[in-house]
Each structure stands twice: as C-alpha cells, then as structure tokens.
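Here is how names work: the chains are called A, B, and so on, in the same order as the sequence lines, proteins then strands, and each is numbered from 1. Just so we're clear, the structure is a prediction, and the values are computed from it rather than from any experiment.
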Protein chains: 4
Amino acid sequence: MMTKTNSAPGKATLLIYSPDRSGLVAAVTDFISVNRGNILYLEQHVDRHEGIFFMRVEWDLTDFLIPQEKIGEYFQTLYAQQYEMTFRLYFSDYRPRMAVFVSKMSHCLFDILARYTAGEWKVDLPVIISNHEDLRWVADKFGIEYYVFDMKKGQKEEVEAAQMALLKEKKIDFIVLARYMQIISENFIKSYPNRIINIHHSFLPAFVGAKPYHAAYERGVKIIGATSHYVTTELDAGPIIEQDVTRITHKNSVEDLIQKGKDLEKIVLSRAIENHINRRILVYKNKTVVFS
Amino acid sequence: MMTKTNSAPGKATLLIYSPDRSGLVAAVTDFISVNRGNILYLEQHVDRHEGIFFMRVEWDLTDFLIPQEKIGEYFQTLYAQQYEMTFRLYFSDYRPRMAVFVSKMSHCLFDILARYTAGEWKVDLPVIISNHEDLRWVADKFGIEYYVFDMKKGQKEEVEAAQMALLKEKKIDFIVLARYMQIISENFIKSYPNRIINIHHSFLPAFVGAKPYHAAYERGVKIIGATSHYVTTELDAGPIIEQDVTRITHKNSVEDLIQKGKDLEKIVLSRAIENHINRRILVYKNKTVVFS
Amino acid sequence: MMTKTNSAPGKATLLIYSPDRSGLVAAVTDFISVNRGNILYLEQHVDRHEGIFFMRVEWDLTDFLIPQEKIGEYFQTLYAQQYEMTFRLYFSDYRPRMAVFVSKMSHCLFDILARYTAGEWKVDLPVIISNHEDLRWVADKFGIEYYVFDMKKGQKEEVEAAQMALLKEKKIDFIVLARYMQIISENFIKSYPNRIINIHHSFLPAFVGAKPYHAAYERGVKIIGATSHYVTTELDAGPIIEQDVTRITHKNSVEDLIQKGKDLEKIVLSRAIENHINRRILVYKNKTVVFS
Amino acid sequence: MMTKTNSAPGKATLLIYSPDRSGLVAAVTDFISVNRGNILYLEQHVDRHEGIFFMRVEWDLTDFLIPQEKIGEYFQTLYAQQYEMTFRLYFSDYRPRMAVFVSKMSHCLFDILARYTAGEWKVDLPVIISNHEDLRWVADKFGIEYYVFDMKKGQKEEVEAAQMALLKEKKIDFIVLARYMQIISENFIKSYPNRIINIHHSFLPAFVGAKPYHAAYERGVKIIGATSHYVTTELDAGPIIEQDVTRITHKNSVEDLIQKGKDLEKIVLSRAIENHINRRILVYKNKTVVFS
C-alpha cells in the first residue's frame with residue numbers, strides 16, 4: 001500500500017493566484033475544456049480586501065491533448081504571464097515524500113503512523129528525525145528509519161546542515177514537526193518555504209511560545225485549542241492551516257489540559273498534513289486559502 | 001432600512017443543476033464573460049453518486065450586455081436547453097417577502113425580529129401568523145401585522161385557505177415556521193415547494209415528531225441538537241438546511257434541555273433563513289446543496 | 001412575571017472557599033442536616049495547585065431550624081471562622097437587580113430583553129444606560145427606562161459619578177456591559193467587584209483591545225470566539241466566565257466575522273449573566289469556578 | 001509502565017446510588033471523616049425525575065482506620081442497608097484488565113494501543129480478539145496476544161463459549177468492541193453487564209444498525225457523530241457513555257463521511273474507556289451518570 005505505481009488515469013491539480021480581474025475563471029476553464037480535459041473539481045475565491053484571485057482546479061488527464069510534461073510550460077506561456085498568475089501544478093502519479101521530526105512525545109507520531117500504515121494518505125514516509133532516542137522503538141515497530149541528531153549547544157548550524165543533507169538524500173518534499181520541541185533556524189526554514197508544518201499546542205495567537213497549557217491554566221480560559229501552521233522565521237506566527245478547540249472547566253488541572261490537548265494536537269496536525277498532501281492549500285501574505 | 005430601493009449596481013445570481021458532463025463551468029462562465037459580466041462569486045459541486053452538477057454564480061450587472069429582463073430567456077435558449085439545466089435566476093434589486101408563523105414560544109421570533117430590525121437581512125416581513133394570541137404583544141412592539149387563525153377541529157381546510165389567501169395578498173415568497181406547532185396539510189405545502197422553512201427541536205433524524213427533548217432525555221443522549229429543513233409532506237423528513245448541537249450531561253433535566261435547546265433553535269433557524277434569503281440553497285432529491 | 005413575590009418554599013445557596021483541609025464537606029453538610037435542611041444540590045472542588053477548597057450547596061429552608069436572617073451569623077460563628085472560610089449566602093426570595101450598558105449595537109441587548117420578557121431569568125432590569133441615543137427605541141419598545149450619559153472628554157469622572165448615583169438609586173446589584181464600547185475607570189470598577197460582566201468579541205487572551213475581528217482577520221485564524229468576563233482594572237484581563245467559538249474560512253471577510261461573531265457574543269454573554277444570576281460563580285485569584 | 005506495583009498511598013473510590021432522602025451526603029462523608037479518611041473528590045447528583053441519589057467519592061487511605069479488605073463490609077452493614085444504597089467500591093492498587101475485540105479496521109485499535117503503550121491509562125491489555133487475521137500484524141507490533149475466532153454460521157454458541165473461556169483465563173474485567181462488526185449473543189452480554197463498551201459510528205439514536213454513514217449520506221444531514229455505549233441485548237440501545245460530532249457538507253461523499261468518522265470514533269471510544277477505567281460511570285435504568 002505504499003508503492004509508487006499508479007495505474008489509474010492521472011489527474012492534474014492547478015493552484016493559482018493572481019491580481020483579480022474579469023475573465024480569469026473563463027480563461028482557465030477554457031484552457032482545460034478546449035484541450036479535452038474534464039474538470040473534476042473547481043473552486044475559486046476572491047479576496048476583495050487584497051484584490052487577489054485564488055483558484056484550485058482538478059482535471060482528468062485521460063484525453064488531455066497536451067502531454068503531461070508540457071502542461072506547465074503551455075499554461076505559463078498562454079495564460080500565466082498574460083494574467084500575472086503565480087501557479088503550482090501537481091500530478092496524481094507523483095507521491096510526495098514526508099519527513100517527521102519528533103522529540104519525546106508519541107501521540108502525534110502514532111496518529112501519523114496509524115494513518116500512514118492504513119494507507120489513508122498518498123504519501124511516502126522514509127525517515128523520522130529526532131533529538132532524542134526516546135521514540136526509536138516506535139519507528140522500529142513500524143519499520144521506518146530513525147535518526148537522532150543530538151542538539152548540543154553552539155553546534156546548531158552543523159546539526160542542521162547534517163539534517164538538511166539527510167533530507168536531500170531522502171528526497172523529502174515536506175517536513176512535519178510532530179511536537180518537535182526545537183527552534184529551527186532561519187536558514188533551514190527558508191529552504192522549505194511553506195513546506196514545514198508545525199503543531200502548536202494552543203489556540204494561536206493566544207499563548208505563543210513555551211508551555212501554552214500552563215499559560216492557559218493560569219489565565220483561566222474555558223476552552224483550549226491547537227493550531228497547525230507553516231513554519232516561518234517568526235516563532236508561532238506562520239500561516240495557520242487548521243485549528244480546533246475543546247472545552248475545559250475549573251476542575252481541570254494543567255495535567256488534564258496537557259492530556260486533553262493531545263487529542264486536539266494529533267487530529268489538527270493530521271488534518272493539516274492531509275490538506276497539504278492533497279494540494280488544497282495556497283499561502284498568500286502569511287494567510288492560507290484551504291480549498292474544501 | 002426596510003425600503004425596497006437599491007441604488008447600488010445590481011448583481012445577478014444563477015443557481016443551476018444538470019446532468020454532469022464536460023464543459024459546463026466553461027459554458028456558464030463564457031456566457032457571463034462574453035457579455036461583459038464580472039464574476040463576483042462562483043462555486044460548483046459535482047455529486048458523483050448521482051451524476052449531477054451544481055453551480056452557483058454571481059456577477060455584476062453594471063456593464064452586462066443583456067438587459068436584466070432578458071437574461072433568463074437568453075440563458076434558457078442558449079445554454080439551459082442544450083445542457084439540460086434546471087436553473088433559477090435572482091436579482092439583487094428584488095427584496096424577498098417572508099411570513100413568520102408562530103405559536104406560543106417567543107425565542108425564535110425575537111431572534112428573527114432583532115435581526116430584521118437591525119437590517120441584517122435583505123428581506124421584508126409584512127406579516128406574522130399564529131394560532132394563538134400569545135405573541136401579539138411582540139408583533140405590536142415591532143409594528144408588524146399579527147393575524148390569529150384559530151385551529152378548530154375539522155376546519156383545517158378552511159383555515160388554511162384563509163391563510164393562503166392572506167399570504168397571496170401580502171405577496172409572500174417564503175414562510176418561516178418559528179416553532180409553529182401545527183401540522184400543515186399537503187395542499188398548503190405543495191403551494192410553497194422548498195419555500196417553507198421549519199425548525200425542529202432535535203438532531204434529525206433522531207427524535208422525529210412531538211416532544212423530542214423528552215425523548216432525548218429518556219434515551220440519555222450526551223448531545224442535543226436542532227435542525228432547520230424545508231417542509232415536505234412527510235413529517236420532519238424534508239431536506240435539511242442546517243443543524244447544530246450542544247453538550248448536555250446527566251445533571252440536565254428535561255427543562256434544562258428545553259432551555260438549552262432554545263439557543264440552538266433560534267440560531268439554527270436564523271442561519272437557514274439567511275442562506276435562503278441569500279439564494280445559497282439548491283434542493284435536489286430531498287437533500288440541499290448549501291453554497292458557502 | 002417580573003414581580004418580587006415568591007410564595008414557593010425558599011431555598012438558601014452557600015458559596016464557600018477556604019484553605020483545603022480534611023472534613024470540610026462533612027462539616028458543611030452536617031450544619032445543614034443537623035438543622036433539618038434538605039440538601040438539594042452540592043458540588044465541591046479542590047484546586048490542588050492553590051490548596052483551596054470550593055463549594056456550592058443549596059438547601060430547602062422549609063423545615064430549617066435557624067431563621068433565615070440568622071443563618072449567615074450562625075454559619076460565620078460556628079464554621080467559617082474555625083475553617084477560615086470566605087462565604088456568600090443567597091436566598092431564593094431575593095431577586096437581583098441588573099443594569100445594562102449599551103452603545104450602538106443592538107444584538108446583545110435584544111437577546112437579553114427577549115429572555116427577560118419571556119421570564120427566563122429571575123432578575124429585575126430597571127434601567128438601560130448608554131452613551132448614545134441609538135438604542136432608545138429598543139428600550140422604549142420594552143418599556144424600560146433609558147438614560148444617555150454623553151461621554152465628553154475630560155468629564156469622565158463627573159459622568160461616572162452621575163452613573164453611579166443612578167445605579168445606587170435604582171438599587172442595582174450587578175452591571176452588564178452589552179457591547180458598551182467605553183473604558184470604565186478604576187474607581188467605578190472597584191465599586192462593583194466581580195459584579196460587572198463584559199462581553200469581549202474575541203477568544204481571550206487572543207486579540208485584547210479594540211477591533212479584535214480585524215486582528216483575527218489579519219492573523220488568518222480559522223476559528224473566532226467571544227469571551228465574557230468580570231471587569232477588572234486591567235483591560236480585558238478579568239476572570240473569564242464563559243467562552244465559545246465558531247469556525248470561519250478564508251472566504252469570510254471582516255464583515256462576515258463581525259456578523260458571525262454577533263451570535264457568539266449574545267449567547268456567551270447571556271450564559272454568563274444566567275450563571276451570575278443563579279449564583280453559580282466563585283472568583284478566586286482572577287479565575288472563576290463555575291459550578292454546574 | 002504496565003506493572004501492577006503501586007507504592008503510592010492507596011485511595012478508595014465509592015460509587016453509590018439509592019432512593020433520594022435527606023442526609024445521604026452527610027452520612028457518607030461522616031463515614032469517611034470519622035475514620036480519618038481525607039476526601040479527595042466528591043460529586044453527587046439527584047435525579048429528581050426518578051427520585052434517585054447518585055454519588056462518587058474518593059478518599060485517601062493512608063490514615064484510614066478500617067483495613068482495606070473490610071471497608072466494603074463495614075459500609076454495607078453501617079450505611080448501605082440502612083439507606084437502601086447500591087454501591088461499588090474500588091481501590092487504586094488494582095489495575096483493571098481489558099480485552100479488545102476488533103474486525104478489519106485499525107483506527108480505533110491504534111488509538112487504544114498508542115495510549116496504552118504511552119502509559120496514559122491505568123489498565124492491562126493482555127489480549128486482542130478478532131474474527132479475522134487482518135490486524136494480527138498490529139498486535140504483533142505491540143507484542144500483544146492476538147486470537148482469531150472464525151465466525152462460521154451455526155457455530156456462534158461454541159465460538160462464544162471459547163471466547164468466554166479465554167476471557168476468564170486472562171482474568172478480563174471489561175471488553176472493548178473497537179469496531180468489531182459482530183452481534184454478540186444475549187448470554188455473552190449478560191455475563192458482562194455494563195462491562196462491554198461499544199463504539200457505534202453514528203449519533204445515536206439516529207442511524208441504528210448497519211451502514212450508518214450511508215444512511216446519514218442518504219438523509220443529507222449536516223453533522224455526523226459517533227456514540228460509545230455499554231452493550232445491552234437490544235442492538236445499539238444500551239446506556240450512552242459519550243458522543244461527539246463533526247460538521248459535513250454537501251461536498252462530502254460517503255467515503256469522506258467514513259474517513260471523517262474514524263477520527264470521531266477513535267476519540268469517542270477512548271474517552272469512554274478512560275471514564276470506565278477511572279470508575280467515573282454509574283448506570284441506572286439504561287442511562288449513565290458520568291462524573292467529571
């Protein structure tokens with residue numbers, strides 16, 4: 001269930017944004033229809049505040065007249081430059097490759113592995129990376145390579161260089177920080193723009209930084225949350241992909257919050273990963289458009 | 001704030017469904033673009049199970065080449081018959097007219113009137129109809145005509161005939177049953193297909209019929225709900241527009257459920273009304289497509 | 001339905017907190033049982049982090065041996081001083097008196113008035129206070145006195161003095177700020193400790209201060225919230241009573257957030273008011289214990 | 001982390017129900033206090049509709065005067081018979097033993113095993129039972145014995161006899177049906193009264209029986225749910241322990257519902273198991289009291 005072959009008739013997914021103007025939807029649907037592509041999905045959105053048009057369209061490639069490897073070039077030449085479109089093009093016969101970074105807590109990792117081994121996601125997971133040995137047994141159970149990079153002070157640059165070399169070797173497309181409790185440097189982050197997904201254990205922007213459950217307890221909130229977002233150079237301030245919340249009461253201790261929060265974290269992180277894998281997310285000016 | 005004048009440049013809304021086939025989005029967007037309409041909103045959905053295509057599109061009429069009163073005819077001739085489309089066309093310069101039916105409970109009525117008088121909805125509300133005098137004082141407070149039709153046994157046909165005459169006189173487009181505790185006859189319902197919105201005080205299809213909170217209490221559920229739906233001839237079985245729920249515990253008595261349920265009912269009903277007014281709902285085979 | 005007579009056999013409600021120690025529940029239940037009070041409700045909570053015991057107990061006064069006006073004194077002498085208890089004692093035959101402060105938005109006020117006139121709450125509402133004339137018509141509809149205090153610069157002290165005189169004259173027990181967009185001074189707040197309930201239109205502590213929906217929109221959150229809290233001298237930082245949230249998407253404009261937020265605000269504020277009226281809230285160190 | 005030793009000072013948990021009358025709380029708290037037990041937790045509830053009193057109390061046994069093995073007898077003699085109390089007594093030094101029944105789907109099993117191996121629950125899990133080989137690899141990964149009982153027609157009685165023998169041999173206290181798609185016979189169910197926890201993949205009582213997601217899709221609901229309950233001889237009609245829901249839209253296919261439902265099912269089932277393990281549930285007349 002984790003092989004790369006895909007005998008089904010392929011489909012293409014196009015994610016576009018551009019300055020808003022008349023005729024954009026008609027132009028894109030025309031490009032597909034004229035070339036005998038059957039549109040399977042189309043959703044568009046106009047952000048009137050920013051004056052930006054967003055679109056996601058999926059079509060069946062079975063009878064499409066343009067060869068797969070030429071579609072990007074043709075779309076660029078015929079439409080994108082004319083309409084000032086920024087676009088990304090994906091094909092269903094490519095299986096993205098994901099690396100998971102963990103520290104000591106297992107709940108998010110288990111949730112990811114349970115979905116992965118059940119074949120829920122069209123993704124490959126060749127490597128788990130950690131700063132501790134603690135979860136090696138989990139990786140072993142699931143037969144996934146596990147690398148430990150010890151985070152000694154003053155050597156962050158070297159450690160990250162080694163991590164990035166490994167990611168390159170494994171041909172990793174995107175990274176999931178599954179409660180990896182380390183700050184990643186600017187250089188690393190910029191190598192994976194909008195391709196590092198973090199789970200923060202609060203309802204951002206409330207309780208940025210360390211120990212958000214302790215802070216939530218201190219403040220006496222009646223609801224706690226979790227937030228998955230793309231990592232940017234500003235801590236916990238990247239584009240939000242997904243959030244969810246659960247009720248608490250005065251009866252709940254900090255330990256209860258941590259425990260209840262785990263269920264939020266794993267579900268919210270997994271939903272974000274799924275949206276990323278399915279090419280549903282566009283990022284514009286530190287906000288996401290998540291197509292349904 | 002309840003006048004009919006609308007000096008803003010008008011817009012048109014088209015709701016379409018048809019058998020699914022290639023080129024539908026392209027055809028509709030082409031119709032609008034070629035005639036210089038600027039698309040403000042477009043959402044489409046394909047129900048692959050039924051093989052049906054659904055679409056909602058809104059466009060600015062400012063520079064549109066086809067006169068407003070001819071758009072329907074042109075669309076029918078040029079597209080709808082070719083693609084077997086069923087469609088409805090609305091214009092923003094028409095203000096729909098709503099009648100509200102009530103019995104003895106005031107919470108839904110107050111919520112509707114609060115939104116109405118605050119100008120939240122683009123709707124007219126010329127008449128409130130009831131089978132009891134109880135809420136006349138509310139209608140009086142808000143200066144809306146209030147008619148009581150006494151429901152004596154054996155006279156239902158006559159009473160409903162009188163109600164329908166009144167609705168016709170007031171040029172009512174759609175009806176809201178705001179906890180109106182009467183069964184409406186088939187003849188009446190068929191005169192307003194998908195134009196009578198009811199609020200049922202349970203999470204349908206659980207607890208159909210009378211006293212759903214008592215039934216929920218007896219069953220020991222941990223969550224209660226409310227459901228707004230279009231009325232069809234089968235009791236509480238019409239197309240669902242909106243639902244919401246709230247948690248309860250063993251500590252809650254039937255009276256607590258009734259009380260907590262009121263907040264659900266009024267919010268769920270008002271959301272359904274709003275979606276109806278904004279032409280966001282398509283009904284197909286007893287299910288709704290509610291565009292966002 | 002808004003009269004003060006109460007012919008039902010009265011009940012007493014005792015709210016207690018004290019340093020935690022052995023035997024507290026036994027002591028309090030003993031006091032009631034020995035004097036022939038029938039306990040109708042009892043809930044206790046121990047905050048192990050702070051070492052504080054909290055309790056709410058309600059009992060039927062029908063056969064209670066101690067006269068109502070002596071209960072407080074007896075409890076103080078026999079138990080409270082021995083166990084270092086802080087307590088408040090309420091009787092069901094007293095109807096608390098509430099003042100509502102508003103500015104220009106009507107949604108919270110309508111929700112309060114709808115519940116009030118339907119007799120949902122055991123409270124009196126003799127006066128609505130505003131800094132604008134805008135909502136006088138609402139007060140007039142419901143036959144409640146409406147006072148406007150114009151907030152001219154440099155005269156805040158005088159205006160608040162006049163407001164407090166009016167509140168005193170009307171024998172107001174607690175104040176509800178129903179989207180009253182003014183900062184209240186320290187002197188005023190300290191006159192009503194834990195007796196001024198505010199609704200803030202965000203999920204606190206996110207988006208403190210002005211224009212929280214604009215800030216939420218800018219940050220790109222996927223869920224918005226509302227928070228009711230007791231007002232303290234630090235802005236939007238008082239003890240939280242109740243919170244709730246609703247999902248939004250990238251499709252929602254700031255105006256949509258404001259609109260969706262209104263339903264949250266009115267429900268969250270009304271729940272807080274109800275808990276306050278029913279004597280369910282204890283405040284300790286800027287956090288609330290809200291008994292169920 | 002799964003050993004049975006417990007060097008912490010033990011605590012006792014008492015779950016009681018009885019006809020409601022005056023003095024019950026005082027009597028129980030007196031029993032504990034007089035014998036030098038320190039009450040750690042107390043919650044009571046009176047069902048006024050049924051006239052039944054419910055209580056859960058936990059106390060520290062460190063200085064308790066009655067030896068652990070005598071507490072039940074003393075409580076029975078001194079209080080339970082006098083007040084017609086039905087009670088259950090648990091001690092924190094006993095670790096309950098759980099069996100998990102599965103069929104082919106892995107999501108609930110993974111969630112249980114992830115929590116179990118992370119030490120979140122104070123429980124032993126010596127055996128997984130199935131009617132298929134499909135999930136043996138999961139059990140193997142986690143080093144738990146896995147037994148397959150083939151369900152051939154006409155042999156149900158024998159198969160269940162063998163299952164019950166195994167459960168007895170493994171000293172199983174309670175059973176979790178983690179999407180085990182078999183009907184269990186009356187005889188089996190009666191051997192484990194209120195000790196078989198099932199997860200049903202709908203918001204009960206809506207969509208009882210097979211294929212609830214298909215039924216929900218057909219009905220066009222806007223919210224789906226999952227329900228954990230104790231198994232009784234009437235299908236999907238046992239006392240509800242926990243429910244939760246999630247929103248769906250017209251865009252979601254049956255497959256989407258199944259997928260989204262999995263997250264509900266696993267979380268709702270795990271919450272029910274946790275409440276059961278922590279002795280928080282009392283069953284009375286087919287309804288649960290779930291203490292917080």
Original post:
Does CD belonging to D:E50 count more than 12 external heavy atoms closer than 6.0 Å?
Top reply: yes
Subject >> Residue B:S292 versus chain D: region with a heavy atom under 4.5 Å >> reply: neither
Subject >> Selection from B:A237, B:G225, B:S253, B:P239 maximising heavy-atom pairs under 4.5 Å formed with chain D >> reply: B:A237
Original post:
Side chain, backbone, both or neither: which part of D:T288 has a heavy atom under 4.5 Å from chain B?
Top reply: both
Original post:
Taking atom CD1 of B:I224 and atom CD of D:Q243, what is their separation to the nearest 0.5 Å?
Top reply: 11.5 Å
**OP:** Count the heavy atoms of every other residue, nucleotide or ligand shown that sit under 6.0 Å from CG of B:L40, and state whether that count exceeds 12.
**Re:** yes
Original post:
Residue by residue, which of residues 196-223 of chain D have a heavy atom closer than 4.5 Å to a heavy atom belonging to chain B?
Top reply: D:F203, D:L204, D:P205, D:A206, D:F207, D:Y217, D:E218, D:R219, D:G220, D:V221, D:K222, D:I223
Subject >> D:H45 side-chain N/O to B:K251 backbone N/O, donor-acceptor pair under 3.5 Å >> reply: no
**OP:** Could you have a look at B:V254, B:I241, B:T227, B:V290 and say which one has the most heavy-atom pairs with chain D under 4.5 angstrom?
**Re:** B:V290
Subject >> Options B:R48, B:H250, B:H49, ranked by heavy-atom pairs under 4.5 Å with chain D, top entry >> reply: B:H250
Original post:
For B:E255, is it the side chain, the backbone, both or neither that has a heavy atom under 4.5 Å from a heavy atom of chain D?
Top reply: neither
Original post:
Based on non-hydrogen pairs under 4.5 Å, which of B:V245, B:D244, B:N286, B:T249 is most in contact with chain D?
Top reply: B:D244
Original post:
So does B:E242 pair up with D:R247, basic N to acidic O under 4.0 Å?
Top reply: yes
